[in-house]
Amino acid sequence: QVQLVESGGGSVQSGGSLRLSCALSGYTSMGWFRQSPGKEREGVAAIRSDGATTYADPVKGRFSISQDNAKNTLYLQMNSLKPEDTAMYYCAADNRIRAYWLLLLRDEYNYWGQGTQVTVSS
């Protein structure tokens, strides 16, 4: 059974930073998604094994996705956090996503973590 395990969530004031981590290995496509109450789960950032990255417009310039293959860990560095970034954050992975433009689509991923809560106060 595939298990992805996130960590690093918490509470921070507006303008602060957090780094999320997700233990995983051996996937060609990996992403971070978020979901707040009453909203659909949305793609935030994604990375391919060749290093290509993509970001949702609301987080461009503030968030950075990376992977450390030696540590089998996926990261999401979140800077300049805003109250609207408050959500449950999930990491996801898959090996069958064929096109770069599909990387931020929730339905393309079959493997998910349990989520970690991020709360940003104003």
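The residues of the chain are indexed from 1 along the displayed sequence.
Distance check: D107 CG to D94 CG gives 11.5 Å after rounding to the nearest 0.5 Å. Atom SG of residue C22 and atom CD of residue Q67 lie 11.5 Å apart, to the nearest 0.5 angstrom. Interatomic distance, OG of S80 versus CZ of R62, reported as 7.0 Å (0.5 Å rounding). With rounding to the nearest 0.5 Å, the separation of OG in S11 from CD in Q117 is 7.5 Å. To the nearest 0.5 angstrom, Q13 atom CD is 12.5 Å from T119 atom OG1. Note that OG of S29 is 7.0 Å distant from CZ of R48, once rounded to the nearest 0.5 Å.
Checking side-chain atoms of T116 against main-chain N and O of G9 turns up a donor-acceptor pair under 3.5 Å. The closest donor-acceptor contact from the side chain of Y100 to the backbone of T53 lies under 3.5 Å. Between the side chain of T73 and the main chain of K71, a donor-acceptor pair closer than 3.5 Å is present.
Among all heavy-atom pairs drawn from P83 and S122, the shortest one is CG-CB, 3.9 Å. For A45 against L76, the heavy-atom pair with the smallest separation is CB-CD1, 4.0 Å. Looking at every heavy atom in both residues, M30 comes nearest to A93 through CG-CB, 4.1 Å.
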Q: Step by step, work out the side chain to side chain donor-acceptor pair (under 3.5 Å) result for S17 and N79.
A: CA-CA 4 Å; S17 298; N79 299 326; 2.9 Å; yes
Q | Q35/E40 under side-chain contact (heavy atoms from CB on, under 4.5 Å): CA gap, chis, key distance, verdict | A | CA-CA 6 Å; Q35 187 171 18; E40 295 287 325; 5.7 Å; no
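A cation-pi arrangement, defined by a distance under 6.0 Å to the six-membered ring centre and an angle within 45 degrees of its axis, is absent between R106 and W112.
Within the 4.5 Å cutoff, no side-chain heavy atoms of L24 are placed close to those of N72. Contact of the L81 side chain with the F63 side chain is registered, since non-hydrogen atoms from C-beta on lie closer than 4.5 Å. The side-chain heavy atoms of L103 and Y55, taken from C-beta on, include no pair separated by under 4.5 Å. For the pair W32 and M78, the minimum side-chain heavy-atom distance is 4.5 Å or more. At a threshold of 4.5 Å between non-hydrogen side-chain atoms, the residues I65 and Q77 do not count as touching. Residues N110 and R96 have side chains in contact (heavy-atom distance under 4.5 Å, counting atoms from C-beta outward). At least one side-chain heavy atom of V118 sits less than 4.5 Å from a side-chain heavy atom of L20. With contacts defined as side-chain heavy-atom distances shorter than 4.5 Å, the pair R34/P58 qualifies.
Residues satisfying the salt bridge (charged side-chain N to carboxylate O under 4.0 Å, His left out) criterion with R19, sequence neighbours excluded, are absent altogether.
In summary, K60 and D57 engage in a salt bridge, as defined by a charged side-chain N under 4.0 Å from a carboxylate O.
Taking the centre of each ring, Y89 and F33 stay at or above the 6.0 Å mark.
Residues Y109 and Y75 fall into different hydrophobic clusters, defined by Ile, Leu, Val, Met, Phe, Trp and Tyr side chains chained together at heavy-atom separations under 4.5 Å. Residue L4 is not grouped with residue L104 when hydrophobic side chains (ILVMFWY) are merged at heavy-atom distances under 4.5 angstrom, including chains of intermediate members.
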